[in-house]
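Below is one structure, written out as C-alpha cells; the observations come after it.
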Amino acid sequence: MKSTFSALILSSQLFLAQNIAQKLDAATKDLVNSAPAYSANLSFYVADEGGNFVYEYQGNKGLSTASTQKIFTAATALEALGKNYQWTTTASHSGNISDGNLNGNLFISSNGDPTLGSWRYEGYKPENFRDKLIAALKTKGISKISGDLVIDDSYFDFQTVPGGWPWDDMGNYYGAGVWSVNWRENQFDIHTSGKDIKNFNIELQNVKWVNDLKTAGSSDQSLIFTAPHSEVAHITGTLPAKNMTVSGATPNPPVQLGAEIKKWLKDSGIAFNGKIITASAQRINGESVAQYPKNNTFFEYKSPTLDKVVYWFLKKSVNLYGETLVKTIGKEKKGEGSFKAGVSYMQDFWRGKGINQYMINFADGSGLSPQNYVSARAEVQALLWARKQPWFNEFFEGFPTQGNQMVMKSGTMRDTKSFAGYHTSSSGKKYVFSIIINNYQGSDVSSALYKVLNVLK
C-alpha cells in the first residue's frame, strides 16, 4: 500500500512537471511566432530548486544580457571578497605641521569606494564625509595648509570605462566611469525648463556645455555626452515643456571632490590657497605622480559593507557598482585593478563552478556592454549555485519585484530584455529561471516576456 501511494505521488509530480513544460512551450512558441519577434533571438531555461531540468528554448544560446549580468558579478564579489568587505578612503600629508600650519600637501586617497558621497546610505552622505574629514584636520591641529590638495586616484589603472560601452550611454548617469576616487556616485543632476538649462545640483568643474535640446513630447528623451577627463559636454534630444531633472556622468570625479574639499576648508576656517592636483592629471601631463605619504595617514573613512552595496547594485541596477566590483576583484585577486583582470577572474570563477566556458563571455560587470554574451542556462546555473551559499539571503534581498509581481532581476538595453530569478508557484513548486531576448521590435517587450513567465505562477 505504501509503495502504491509513493508511486501515485511520483506519478502526480511527473504529470505536473510535464504539464508545466507543455504550457511553457506553448507560451514560448506564441512569443517567438509573434510579429515583433520575427528576427529576435531568445534564450530561456527553467529548472526546479534542486537543479532538475524543467524546460528550455535555446537555453545554451549566448545573447546580450543587459543587467541580469549583475547576478554573476554580485555573487562573485560576495564569494571572493566576503559580504563584510569595505573600501577605505584616507587622508595624509607631506611635510610637517608647525603652529597649526601644514607645511606640505594634503593628500586624499581611496581604493575605489563607489559609495563615497552617495545619497543612498544613512550616515554615509556627502556631509557625513565632510564633517569627519574636517574634524580629523582640526584634531590634527591644522588651521592652514601651505601646500596643495592632492587627490590620489592611482589605486586602479587609468582606464575608467570598459571597452565596448556605447558612446550614447557614457555621458548619462548610468554610464558613469570608475575612478580610484569616486564621488557622489560620479553623477550630477541638471535642472531644466523645457530646452533650457537652469542650474546644476553641484558646481561642475572645468566643463563647457553645448546645448542642442529641443522641447517636445511628454517624457525625457535627452542624451548627455561626456567623456572621462573631458572639458566638453553635449546635451541633445528632447524634453517636455516643464521643469525636469536629468542626470549625467561626472567627467572627472576626483577633481570634483577636490573642489568641494577646497570649499569645505574655507567654510571651516582652514586657510588654503593651493592648487587641486590629481594623480591622473599628472599622468596626462607627463609629470611624476606624487606619492601618497602612508606614514602620515591621520584619517580613515570606511564604506558600508559589501552586502549593503550589493543590495543597491541589484535593486537599482547601479552600473558604477558593478564596474567597481570588477576592478576591486581584479586588484584583490590578481593584483591588477583593471577591467581585464576582474573580468578574467570572473570567467575563471564561473567555469570553476561547472558552467560551460562557451556559455559565458563577459565584457564588463554591469551588463551595459552589448559585447556580453551569456546563455539563460548559465544564468540559471549561477542562481542555483548562489542559492546554496551562506550569503544567499543578502544576495536575494536585492532582487526587485517586477511588473508581473515576480521577484527577479531585470535587464534592459536597446533591443534587449532579460529576467532572471527565483519563484515559488501557487502549488508550492520552486523554480529558478532566466529568459533573454534580443532584437524584439515591439513596444512592450516586458509584457511579452511576462506572458511566458506567468506560466510559472
Side-chain angles (χ1 to χ4, degrees), residues 87-117 126-158 160 177-184 186 202-207 228-229 231 250-303 327 331 337:
W87 290 266
T88 306
T89 300
T90 59
S92 181
H93 67 85
S94 60
N96 57 74
I97 302 167
S98 177
D99 296 327
N101 181 29
L102 170 56
N103 296 294
N105 298 329
L106 172 63
F107 286 76
I108 304 294
S109 182
S110 181
N111 63 348
D113 181 3
T115 72
L116 189 64
E127 58 270 25
N128 299 122
F129 177 70
R130 175 198 65 201
D131 293 348
K132 290 180 180 179
L133 174 61
I134 294 300
L137 285 163
K138 292 191 171 181
T139 298
K140 195 71 176 172
I142 297 173
S143 58
K144 179 181 178 182
I145 299 170
S146 295
D148 296 321
L149 171 59
V150 182
I151 308 297
D152 176 16
D153 57 341
S154 63
Y155 184 77
F156 292 150
D157 71 348
F158 187 79
T160 62
V178 175
W179 272 257
S180 302
V181 177
N182 303 295
W183 179 243
R184 296 181 181 268
N186 301 347
I202 54 177
E203 187 178 339
L204 278 176
Q205 301 299 303
N206 308 325
V207 177
H229 307 288
E231 295 185 355
T250 308
N252 201 324
V255 167
Q256 194 65 43
L257 173 60
E260 294 196 39
I261 291 176
K262 183 176 181 178
K263 184 178 184 300
W264 300 344
L265 294 172
K266 180 181 178 181
D267 292 345
S268 63
I270 299 175
F272 172 71
N273 294 308
K275 301 187 297 294
I276 298 170
I277 298 170
T278 67
S280 55
Q282 290 178 315
R283 289 194 63 188
I284 291 169
N285 295 329
E287 302 168 357
S288 297
V289 176
Q291 296 299 306
Y292 179 86
K294 292 181 181 178
N295 291 339
N296 290 335
T297 298
F298 63 90
F299 171 67
E300 286 194 350
Y301 183 85
K302 294 285 188 180
S303 74
K327 282 200 165 189
K331 188 75 171 183

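Sequence positions, counted from 1, serve as the residue numbers for this chain.
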Between [X] (side chain) and [Y] (backbone), is there a donor-acceptor pair under 3.5 Å?
X      : Y      : value
Gln282 : Ile277 : no
Asp148 : Lys275 : yes
Asn182 : Trp179 : yes
Ser110 : Gly112 : yes
Thr90  : Glu300 : no
Asn285 : Ala281 : yes
Thr115 : Ser303 : no
Ser92  : Pro293 : yes

Task: Pair Leu102-Ile97, side chain to side chain contact (heavy atoms under 4.5 Å, CB included): steps then yes or no - done: CA-CA 4 Å; Leu102 170 56; Ile97 302 167; 4.0 Å; yes
First locate atom [atom1] of [X], then atom [atom2] of [Y], and finally report the distance between them rounded to the nearest 0.5 Å.
X      : Y      : atom1 : atom2 : answer
Ile108 : Ile261 : CD1   : CD1   : 4.5 Å
Ser146 : Phe272 : OG    : CZ    : 10.0 Å
Leu257 : Gln205 : CG    : CD    : 11.0 Å
Ser180 : Asn111 : OG    : CG    : 8.5 Å

Would you say the side chain of [Y] lies within less than 4.5 Å of the side chain of [X], judging by non-hydrogen atoms?
X      : Y      : value
Leu265 : Leu137 : yes
Phe299 : Thr139 : no
Leu106 : Ile142 : no
Ser268 : Lys138 : yes
Leu116 : Tyr301 : yes
Arg184 : Thr250 : no
Thr278 : Val181 : no
Lys302 : Thr88  : yes

- [ ] Answer yes or no: does atom CG of Asn273 have more than 12 heavy-atom neighbours from other residues, nucleotides or ligands under 6.0 Å?
- [x]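 No, CG of Asn273 has 12 or fewer neighbouring heavy atoms, counting only those of other groups under 6.0 Å.
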Task: Over 12 foreign heavy atoms within 6.0 Å of CD, Glu203 - done: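 No.
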Looking only at heavy atoms, what is the nearest atom pair of [X] and [Y], with distance?
X      : Y      : answer
Pro253 : Pro251 : CD-C, 3.9 Å
Asn186 : Gly177 : ND2-O, 2.8 Å
Ala279 : Val289 : CB-CG1, 3.7 Å
Gly258 : Leu149 : O-CD2, 3.4 Å
Asp152 : Ser154 : OD1-OG, 2.5 Å
Leu133 : Ala91  : CD1-CB, 4.0 Å

- [ ] Considering only NZ, NE, NH1 and NH2 on the basic side and carboxylate oxygens on the acidic side, decide whether Asp99 and Lys144 come within less than 4.0 Å.
- [x]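 No, no charged N to carboxylate O under 4.0 Å.
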Open item on the list: Cation-pi check for Tyr155 against Lys331: NZ or CZ below 6.0 Å from the six-membered ring centre and within 45 degrees of the axis, yes or no?
Closed with: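 Yes, Lys331 lies over the aromatic ring of Tyr155.
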Open item on the list: Under 3.5 Å, is there a donor on one side chain and an acceptor on the other for Ser280 and Asp153?
Closed with: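 Yes, side-chain donor-acceptor contact under 3.5 Å.
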- [ ] Please determine, by modelled atom types, if Tyr292 and Thr297 share a side-chain donor-acceptor pair under 3.5 angstrom.
- [x]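 Per modelled atom types, Tyr292 and Thr297 side chains form a pair under 3.5 Å.
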- [ ] Quick one: sort the Trp183 and Trp264 rings into parallel, tilted or perpendicular, breaks at 30° and 60°.
- [x]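 Because their plane-to-plane angle is over 60°, the rings of Trp183 and Trp264 count as perpendicular.
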